[in-house]
Amino acid sequence: MMKEWFRNGKQALGVSCIMFVLCGLLYPFAVTGLAQGLFPYKANGSLIKVEEKAVGSEKVGQAFTAPYYFTGRVSAINYNMYTQQDTVADANGEVRYSGVSSGTFNYAPSNPELKKRIEADIEAFLTANPTVKRQDIPADLLTASGSGLDPHISLKAADIQIHRVAKASGLSIEEVNKIVKNNTEPRTLGLFGEDKVNVLKANIDILKKMKEQN
Amino acid sequence: MWQIAIILAIYLPLVILAGHYLFRVTMHQKTFLDPVLDKADRLIYKISGIKQENMTGKQYVLALILSNACMIFVGYVLLRIQSVLFLNPNGIGNMEATLSFNTIISFMTNTNLQHYSGESGLSYLSQMLVITFMMFTSAATGYAACMAFCRRLVAKTDTIGNFFVDFVRVITRVLMPLSVGVALLLVSQGSPQTLSGNQTVETIEGKMQDIALGPVASLESIKHVGTNGGGFNGANSTTPFENPTAISNIIEILSMMLLPGACVVAFSLMAARRKKNTLFGKQGLAIFSAMAALFLIGLTVIYAAEQAGNPIIDSLGINQELGSMEGKEMRFGIPQSVLFTAVTTAFTTGSVNNMHDTLTPVGGLVAMFNMMLNVVFGGKGVGLMNMMMYVLLTIFIACLMIGRTPQFLGKKIEEKEMKLIALCILIHPAIILLFSALAVATAAGSGGITNPGAHGLSQVLYEYASASANNGSGFEGLSDNSYFWNITTGLAMFFGRYLPIIIQLAVASLLAKKMWHSDSTGTLKTDNAMFSFLLAAIVLLIGALTFLPALALGPITEHLQIHR
């Protein structure tokens, strides 16, 4: 019996070591090499550059505060965005940004905090967009995404912001409409997924247009 | 709705194809990759000293446990010292002891429950050498166990097959080639694959944003192909880098459905091996149909629940046409999200593309119930073995009702097997319900609950169902990185994995040693639609009897509360 344990143990150890090298090292290195060769832009995170400087990734959403930019979905982690101030402890000893993460609030449908958060956001949104009616706000804009990094909003969520964005940026409604249209990503093959607008890309176009007009 | 139907229609030919390939790999028949891989395998056997001799059931289990033990030991050490090793560009520290214990058990048992967050908890080396490595080996272990089980059902001897050979062959011939292909497809959709550290960019509003990168795609592919489910990032496949587009979502869904289904097809071919040119053996088809029926029922219910939305959000007066979007991603919407959820819990992968804690109560119930049944296709290999326990039970019950001798594939089912089968079926609910009771009864356990009311109990039930079913998804609100949760879920995963495998292989060994009887007119037919129906009914009946009281206190209560 002992002999059998020993014999099996030796083979088990041997096969474990080989698989460490094969699955743990060779495989990821090989895939990295292939990916970097075939899709260098995507393999490095699809970073968007404005004037030769990376300002974000087209796959990752961002929070926007200026009224002339479209706002994205609610994020539990503020899209991993911060200022220098947020990384040091404030008066209460709290650090507002403690490192990169992902996730959502995890509020159950029955959680009263969920209702409170959405109610507050509705009021804030209606104040910022006085022309919009409450029943026209699509739920995706005021619900939190699962990752906290969702780069998209629905077409409706973009539509109801066009008036505000045009007014604040000094662009015409037609120009903003066109920017939304250019950054709309339709369902794949007209079928899979949802129609959606990439918020960061739309906002970069708005920035460019505003610079042109000045 | 249409997109779901089309994805499922694409799945059918794929799974049959994969099943035939898996059958050839298991039975050592010729495949197109042999010229290269035969040499590679021989080299691996030689270096690791594998003697390719047939094993008895007992020897097979011993080899399985010893090799898993080796990997657990080395992996644990690596996590504890990761900060001083190389490939750690983001300066991650060592992992705490109980969290390391939980993580290692989690990945070795194919569960992938994560009480850490990948971005801040693991170095790139650990992501590769521990996580990616264990994703391959745990899937291969489950597959090997399943094939040993199936072989014994159709063989006349208990000395058949070698664990190490099965283990190596499935990695080199199935998991590795598939993973490389899927990884490249995912990169083409926008998943990063790089060894350089995270990027910090300055946004157009002058703020800073950290963007987490890394060797994501290589982990992501085996995560689904091996029905593992542990994400590179904390939020798993909801994050844009793990699942960038609707196409990547479909690729991930099909990858996790492929091999568990293929195991059933491979078994069907083994059982029908005397007939030449079978596309899908009748016995396997009967089991596959029962699984598919249970899956479709769950999918329909969850789709309806999520599309209907949250009545509390409706009451606030905003437009909920898109369905319940809290915790979901815009690029997927409801159809792609619910299909992912149904698949990940039925095929016990455990990756998520929306946050299950935020599912509507009925949607969450379906996800939970899939894991409580643990036989709706189930994880790679072990799902079929679990279903086989129900197959044997169904035959036994049906034969008792009509007064015939229970017999399956020519082998009589007798007292000793039935005792083991009953034990095996009881382990899973016992783990879930007893640990849940312990958690809500103690302060250390209930301290992790973050949602008030009935949903708090759902969080607990879900966590243990996920651990014991070796699924690994979570109601992520639960603050589960504490001694209590790390240790109890670690034990739940460990017992939920190894006890059933040992018992199931014991049952197979007992059957393998029996005399073979040819079917007579008095034998219960087990390969027709009637049997599929009986099987699905028994699974549902036992599942409902066991779990209904707990479900009534959790999700069903919550549903009634928000629909007042």
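Predicted model, so just to flag it, every value in this text is computed and none were measured. Letters A, B, ... mirror the listed sequences (proteins, then strands); counts begin at 1.
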Inset, instruction - Measure distances from A:Ile137 to the heavy atoms of chain B and classify the residue's part below 4.5 Å as side chain, backbone, both or neither. - result: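 Its backbone and side chain both get close to chain B.
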Inset, instruction - Examine whether an atom of A:Glu58 lies under 4.5 Å from a heavy atom of chain B, and if so say whether it belongs to the side chain, the backbone or both; otherwise answer neither. - result: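 The answer is neither part of A:Glu58.
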Legend entry - Inter-chain contacts: residues 119-128 of chain A against chain B, heavy atoms under 4.5 Å: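 When heavy atoms of chain B are the reference, residues 119-128 of chain A contributes A:Glu119, A:Ile122 within the under-4.5 Å range.
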Which pairs of donor and acceptor atoms, one on a side chain in residues 186-193 of chain A, lie under 3.5 Å apart (sequence neighbours left out)?
| unit_1 | atom_1 | unit_2 | atom_2 | d |
| --- | --- | --- | --- | --- |
| A:Arg187 | NH1 | A:Leu191 | O | 3.4 |
| A:Arg187 | NH2 | A:Glu194 | OE1 | 3.3 |

Legend entry - Donor-acceptor contact present, side-chain A:Lys42 to main-chain B:Ser188, <3.5 Å: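 Judged by distance alone, yes, a pair lies under 3.5 Å.
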Inset, instruction - Report yes if the side chains of B:Met135 and A:Cys23 come closer than 4.5 Å at any heavy-atom pair, otherwise no. - result: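 Sidechains of A:Cys23 and B:Met135: no contact.
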Inset, instruction - Please determine, among B:Met355, B:Met325, B:Glu329, the option with the most heavy-atom pairs under 4.5 Å with chain A. - result: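 Heavy-atom pair counts peak at B:Glu329.
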Inset, instruction - For residues B:Cys70 and A:Leu13, report the shortest heavy-atom separation together with the two atoms involved. - result: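 Minimum heavy-atom contact is SG-CD1, 3.7 Å.
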Inset, instruction - Fit a plane to each ring of B:Phe133 and A:Phe20, take the angle between them on a 0 to 90° scale, and name the class: parallel (under 30°), tilted (30 to 60°) or perpendicular (over 60°). - result: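 Taking A:Phe20 first and then B:Phe133, their aromatic rings lie parallel (interplane angle under 30°).
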Inset, instruction - Assess the side chains of A:Gln62 and B:Thr203: does a donor N or O sit below 3.5 Å from an acceptor N or O? - result: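 Their side chains do not contain a donor-acceptor pair, so the 3.5 Å distance test is not met.
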Inset, instruction - Decide, yes or no, whether a salt bridge links A:Arg117 with B:Glu326 under the criterion of side-chain N to carboxylate O below 4.0 Å. - result: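 The answer is yes: the pair qualifies as a salt bridge.
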Legend entry - A:Val31 and its side-chain contact (heavy atoms from CB on, under 4.5 Å) partner, picked from B:Ser179, B:Ser218, B:Ser221, B:Pro215: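 Between A:Val31 and the candidates, side-chain contact (heavy atoms from CB on, under 4.5 Å) is satisfied uniquely by B:Ser218.
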